[in-house]
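Numbers for residues simply follow the sequence, beginning at 1.
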Amino acid sequence: MYLETARRWVAELQDSGKLSDLDSDALEKLAQEYARRLEEFYLEEVARQMEKCGKAVEFERMLLYDGQYMNKYLNQTIPAYPAFRLEVFSKARKVILGE
């Protein structure tokens with residue numbers, strides 16, 4: 001999810017001419033760095049939201065033991081989760097890409 005999104009961001013930047021001086025290896029490294037930063041940003045925002053719901057401990061446990069069910073869990077726990085995720089990714093893009 002994170003790397004796919006970051007690759008899309010890099011492709012959009014490349015299409016707009018902002019990354020024309022980078023080769024494919026550098027573009028992939030950039031995408032991986034963006035993906036790492038996106039994941040960190042996302043998990044911080046989710047943790048804040050879970051704290052508001054009183055489920056911070058549950059979330060931490062889920063991160064440690066049940067990562068494969070994370071999306072289902074968040075969808076059931078955070079109201080309007082798909083919209084929440086889109087909003088977080090949009091905020092992350094602005095922070096990471098400096099837009």
Side-chain angles (χ1 to χ4, degrees):
M1 167 172 71
Y2 308 109
L3 186 55
E4 178 183 318
T5 299
R7 284 180 177 147
R8 191 170 46 248
W9 292 353
V10 167
E12 290 170 5
L13 289 170
Q14 191 177 24
D15 289 346
S16 70
K18 294 181 181 175
L19 302 175
S20 59
D21 57 333
L22 299 179
D23 65 13
S24 61
D25 288 339
L27 291 170
E28 181 60 22
K29 285 179 184 175
L30 184 61
Q32 289 175 5
E33 174 63 18
Y34 285 170
R36 182 190 63 75
R37 292 176 62 192
L38 173 59
E39 182 176 11
E40 288 174 2
F41 190 95
Y42 173 76
L43 290 176
E44 287 174 15
E45 291 294 317
V46 170
R48 279 190 201 99
Q49 186 67 30
M50 297 306 287
E51 204 169 300
K52 290 178 187 177
C53 299
K55 299 200 180 253
V57 173
E58 248 179 64
F59 176 65
E60 290 295 324
R61 198 172 321 126
M62 182 71 75
L63 281 174
L64 292 173
Y65 301 109
D66 292 325
Q68 72 184 72
Y69 298 108
M70 181 66 70
N71 207 33
K72 181 178 179 182
Y73 172 76
L74 294 175
N75 204 23
Q76 293 172 345
T77 307
I78 297 175
Y81 173 69
F84 169 82
R85 188 175 76 198
L86 285 174
E87 182 181 331
V88 170
F89 274 43
S90 178
K91 285 181 192 177
R93 179 184 173 119
K94 290 176 184 173
V95 169
I96 294 168
L97 301 183
E99 295 180 336

**Thr77 side, atom OG1; Lys55 side, atom NZ - distance, nearest 0.5 Å** = 5.5 Å
**Message:** With a 4.5 Å cut-off on side-chain heavy atoms, are Arg85 and Met1 touching?
**Reply:** yes
**Prompt:** With a 4.5 Å heavy-atom cut-off, do Val10 and Leu22 have their side chains touching?
**Reply:** no
**Asked** Would you say the side-chain atoms of Ser90 pair up with the backbone N or O of Leu86, donor to acceptor, closer than 3.5 Å?
**Response** no
**Prompt:** Got a second to check how far Glu4's CD is from Leu38's CG, nearest 0.5 Å?
**Reply:** 11.0 Å
**Request:** Write down the atom of Ala35, the atom of Ala6, and the distance for their closest heavy-atom approach.
**Result:** N-CB, 3.5 Å
**Request:** Check the pair Thr5, Tyr34 against side chain to side chain contact (heavy atoms under 4.5 Å, CB included), reporting the backbone distance first and the verdict last.
**Result:** CA-CA 9 Å; Thr5 299; Tyr34 285 170; over 6 Å; no
**Prompt:** Hey, what do you get for CZ (Phe41) to NZ (Lys94), rounding to the nearest 0.5 Å?
**Reply:** 10.0 Å
**Request:** Measure the spacing between CG of Leu30 and CG of Asp25 and express it to the nearest 0.5 Å.
**Result:** 12.5 Å
**Request:** Compare all side-chain heavy atoms of Met70 with those of Phe59 and state whether any distance is below 4.5 angstrom.
**Result:** yes
**Asked** Between Met50 and Tyr73, does a side chain to side chain contact (heavy atoms under 4.5 Å, CB included) hold up when you go through it step by step?
**Response** CA-CA 11 Å; Met50 297 306 287; Tyr73 172 76; 3.4 Å; yes
**Request:** Measure the CG-CH2 distance between Leu19 and Trp9 for me, rounded to the nearest 0.5 Å.
**Result:** 13.5 Å
**Request:** Apply side-chain contact (heavy atoms from CB on, under 4.5 Å) to Arg7 and list each qualifying residue two or more places apart in sequence or on a separate chain.
**Result:** Leu3, Glu28, Ala31
**Request:** With side chain to side chain contact (heavy atoms under 4.5 Å, CB included) as the test, would you mind laying out the steps for Gln49 and Glu45 before giving the verdict?
**Result:** CA-CA 6 Å; Gln49 186 67 30; Glu45 291 294 317; over 6 Å; no
**Complete:** Residues passing the salt bridge (Lys or Arg N to Asp or Glu O under 4.0 Å) test with Glu12, sequence neighbours excluded, are Arg93
**Item:** Pair Glu33 + Lys29, salt bridge at N-O below 4.0 Å
**Value:** no
**Item:** salt bridge (charged side-chain N to carboxylate O under 4.0 Å, His left out) assessment of Arg61 paired with Glu58
**Value:** CA-CA 5 Å; Arg61 198 172 321 126; Glu58 248 179 64; 5.8 Å; no
